[in-house]
Amino acid sequence: MTPIDPQEILRRRDMRDVLTFTIDPADAKDFDDALSFREQEDGTYQIGVHIADVTHYVKPGSDIDKEAYDKSTSVYLVDRVIPMLPEELCNDLCSLRPNEDKLCMSVVFTIGRDGKVLKYKICRTVICSNYRFTYEQAQDILMNKSDLSDETVKKALKTLNFLAQIYRHKRIADGALEIEQEEVRFRLDDKGFPTDIYFEKPTDSNHLIEEWMLLANRTVAAHMGERPFVYRIHDVPDAEKMRHLNSFKRKMGDRVQPEVIDLLTIRAMAKAVYSTQNIGHYGLQFTHYTHFTSPIRRYPDMMVHRLVEKYVLGGKQESLPKEALQEACDHCSEMEQLAQQAERESIKEFQAMWITAHIGEEFEGTIANVTDFGMFVRLNDSHCEGLIHIGQVVKDDFMLYDEKNYRLIAEQSGRTFVLGDSVKVRVIRADVEQNQIDFLLADYPTNGNKVKYN
């Protein structure tokens, strides 16, 4: 652990005596956010959202800064992480590990028992985290299943969770999108081969962290006024796609599973991007929003920290002109999308690897997409997605593609396949190099030479 210059501590708000903890995945190595909690004599709560002060160590124009800008984001593949910053920064110097003094950029709130923000302060701080919780450990505390003896910590977590639920319910009531997809996870053997696929679904402990990070992000964004700034924006969805989706929902009613509707909604959405032009965030229903809370893994958060340093904390560093700031926003948005594509392809690759051991087996699935060249089926137990080619949906029949109603119809038999339908399929091929899986319906005749198992 690298000691902090005592003079730097004197320049900051010292919050090392306040109960502070992190909540992260069990396998996390870098901890870039922490929460502090103190109940005050007047019955209000002092709650701090503390973010690793990465830009204190990474100076503009340095080699590390240039490399971080080029990458713009960390990339999380199934079997490894490609970090944006060097490991000694991510996992050591900037990581908010327990029982270590750390420098932070913080938003410290005074909050009433009803969740109302009474006041806030954006400031430099020094903290010392008391606990490092996993999401599972925090959830056990919330569910009264933990053997933790510290009642003060239990009360803090439960109060933070109570307030987070107030914020979450209000967002949803205001029209924020409520889309929660299970995250695909893999168990790998010693050689890196996937032996099992499982899912992680968000719990109250996940929502707790999410809501406090959202509050910090929108508070910082709203504080900036009209000054050039980096916003996280999300435009309204494509009107025509939403009309099709709403029409489909009315026709299908409860026949379609909620996760299928979620997939269609995501496909209709615009992509969230970084911009100096604030148009709000449609998905979250915030008029002002930014990314302030993850500077270890996102370069835009470093940009925001530097702007906060200049505008709010009296820093002397030069800020980019608005045009150059927008150019940086465009670059970071592009790199983020490339990273997300790489992460999706990594999941597909390991799903294809896993399913090579199950060629010829049958699985229950759901039609996840319908196209003019066939239909994609997502297996219920593993979320592996494979194609049934349009020429192999119904034997010796011609398939009609009904784009508006998300369905395929067999011309002669009239058999219909609609997005969201449950089907049973057989695995016939897996191409790991191309990340492609091919299925047949389980009742598709396999005699003859048209179907060949690999």
Side-chain angles (χ1 to χ4, degrees), residues 15 18-25 31-40 42-51 104-123 133 135 138-139 141-143 153-181 183 200-224 231-234 262 265 269 272 278-294 298 301 304 308:
M15 298 189 68
V18 183
L19 173 64
T20 303
F21 45 80
T22 60
I23 305 177
D24 292 279
F31 314 121
D32 57 3
D33 59 77
L35 295 176
S36 67
F37 180 88
R38 172 186 281 162
E39 189 168 3
Q40 305 187 112
D42 62 0
T44 62
Y45 305 115
Q46 180 202 82
I47 296 170
V49 179
H50 306 287
I51 310 302
C104 289
M105 282 276 213
S106 304
V107 187
V108 182
F109 298 95
T110 299
I111 293 180
R113 292 180 178 272
D114 59 356
K116 184 178 180 181
V117 176
L118 303 176
K119 61 181 180 179
Y120 67 87
K121 182 74 172 178
I122 303 171
C123 51
F133 293 120
Y135 282 117
Q139 186 65 23
I141 293 172
L142 297 178
M143 300 294 290
V153 176
K154 290 181 181 179
K155 182 178 180 181
L157 269 170
K158 290 180 179 180
T159 303
L160 288 166
N161 184 55
F162 172 76
L163 297 171
Q165 289 183 354
I166 292 176
Y167 301 147
R168 180 174 175 79
H169 292 155
K170 184 181 186 306
R171 278 199 305 111
I172 294 170
D174 288 344
L177 297 178
E178 188 179 13
I179 297 176
E180 287 196 342
Q181 292 185 301
E183 292 194 35
E200 290 183 354
K201 190 171 184 178
T203 62
D204 285 345
S205 63
N206 296 92
H207 294 151
L208 185 161
I209 291 297
E210 178 185 27
E211 293 302 326
W212 287 106
M213 296 306 115
L214 291 178
L215 180 61
N217 284 333
R218 64 189 178 100
T219 299
V220 169
H223 189 89
M224 289 303 112
Y231 295 96
R232 179 70 168 177
I233 63 169
H234 187 212
D262 287 348
T265 303
M269 291 291 106
N278 181 31
I279 62 170
H281 196 292
Y282 173 82
L284 295 171
Q285 286 296 294
F286 292 156
T287 57
H288 295 76
Y289 190 63
T290 190
H291 273 173
F292 168 80
T293 53
S294 292
R298 294 188 306 225
D301 300 56
V304 167
V308 167

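- Here the side chain of Ser205 pairs no donor or acceptor atom with the backbone of Thr203 at under 3.5 angstrom.
- For Tyr135, there are no ring-ring contact (aromatic ring centres under 6.0 Å, His included) partners two or more places apart in sequence or in a different chain.
- Under the rule for a salt bridge (Lys or Arg N to Asp or Glu O under 4.0 Å), Lys116 has no partner lying at least two apart in sequence or in another chain.
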Can you list the steps and then say if Ile47 with Leu215 is a side chain to side chain contact (heavy atoms under 4.5 Å, CB included)? CA-CA 11 Å; Ile47 296 170; Leu215 180 61; over 6 Å; no
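- One distance of note links NE2 of His288 with OG1 of Thr219; it measures 11.5 Å at 0.5 Å rounding.
- The salt bridge (Lys or Arg N to Asp or Glu O under 4.0 Å) test applied to Asp32 returns no partner, not counting sequence neighbours.
- Between the Asn278 side chain and the Thr287 main chain, a donor and an acceptor come within less than 3.5 Å of each other.
- Under the salt bridge (Lys or Arg N to Asp or Glu O under 4.0 Å) criterion, Asp174 pairs with Lys170, not counting sequence neighbours.
- Put simply, NZ on Lys119 and OG1 on Thr110 are 4.5 Å apart, with the number rounded to the nearest 0.5 Å.
- By the ring-ring contact (aromatic ring centres under 6.0 Å, His included) test, Phe21 pairs with Phe133, sequence neighbours left out.
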If you apply the rule side chain to side chain contact (heavy atoms under 4.5 Å, CB included), what do you find for Val49 with Leu35, and how did you get there? CA-CA 5 Å; Val49 179; Leu35 295 176; 3.9 Å; yes
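- Residues satisfying the salt bridge (Lys or Arg N to Asp or Glu O under 4.0 Å) criterion with Glu39, sequence neighbours excluded, are Arg113, Lys155.
- For Tyr45 (side chain) and Leu160 (main-chain N/O), no donor-acceptor pair under 3.5 Å exists by modelled atom type.
- Residues satisfying the side chain to side chain contact (heavy atoms under 4.5 Å, CB included) criterion with Glu210, sequence neighbours excluded, are Arg168, Arg171, His207, Leu214.
- In this structure, CD1 on Ile279 lies 12.5 Å from OH on Tyr231, to the nearest 0.5 angstrom.
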Check the pair Asp33, Met213 against side chain to side chain contact (heavy atoms under 4.5 Å, CB included), reporting the backbone distance first and the verdict last. CA-CA 8 Å; Asp33 59 77; Met213 296 306 115; 3.8 Å; yes
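- Atom OH of residue Tyr282 and atom CG of residue Leu177 lie 5.5 Å apart, to the nearest 0.5 angstrom.
- When the side chain to side chain donor-acceptor pair (under 3.5 Å) test is applied to Thr44, the partners found at least two apart in sequence or on another chain are Gln40, Asp42.
- Residues that satisfy the side chain to side chain contact (heavy atoms under 4.5 Å, CB included) test with Asn161, not counting sequence neighbours, are Leu142, Gln165, Asp204, Leu208.
- Take His291 and apply the ring-ring contact (aromatic ring centres under 6.0 Å, His included) test, not counting sequence neighbours, and it matches Tyr274, Tyr289.
- When each of Val304, Asn217, Val107, Val220 is paired with Thr293, the side-chain contact (heavy atoms from CB on, under 4.5 Å) condition holds for Asn217 and for no other.
- The aromatic rings of His234 and His281 sit tilted relative to each other, their planes meeting at an angle between 30° and 60°.
- Scanning for side chain to side chain donor-acceptor pair (under 3.5 Å) contacts around Ser106 gives His50, Thr125, with sequence neighbours left out.
- Here the NZ-CE distance, from Lys158 to Met143, works out to 10.0 Å after rounding to the nearest 0.5 Å.
- Under the 4.5 Å side-chain criterion, counting only non-hydrogen atoms from C-beta, Glu211 is not in contact with Ile166.
- The ring-ring contact (aromatic ring centres under 6.0 Å, His included) search around His223 returns Tyr120, not counting sequence neighbours.
- Rounding to the nearest 0.5 angstrom, the gap separating the CZ atom in Arg232 from the OG1 atom in Thr290 is 9.5 Å.
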Criterion side chain to side chain contact (heavy atoms under 4.5 Å, CB included) on Phe37 and Val153, from CA distance to verdict: CA-CA 9 Å; Phe37 180 88; Val153 176; over 6 Å; no
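- Here the shortest heavy-atom pairing between Ser294 and Ile51 reads N-CG2, 4.4 Å.
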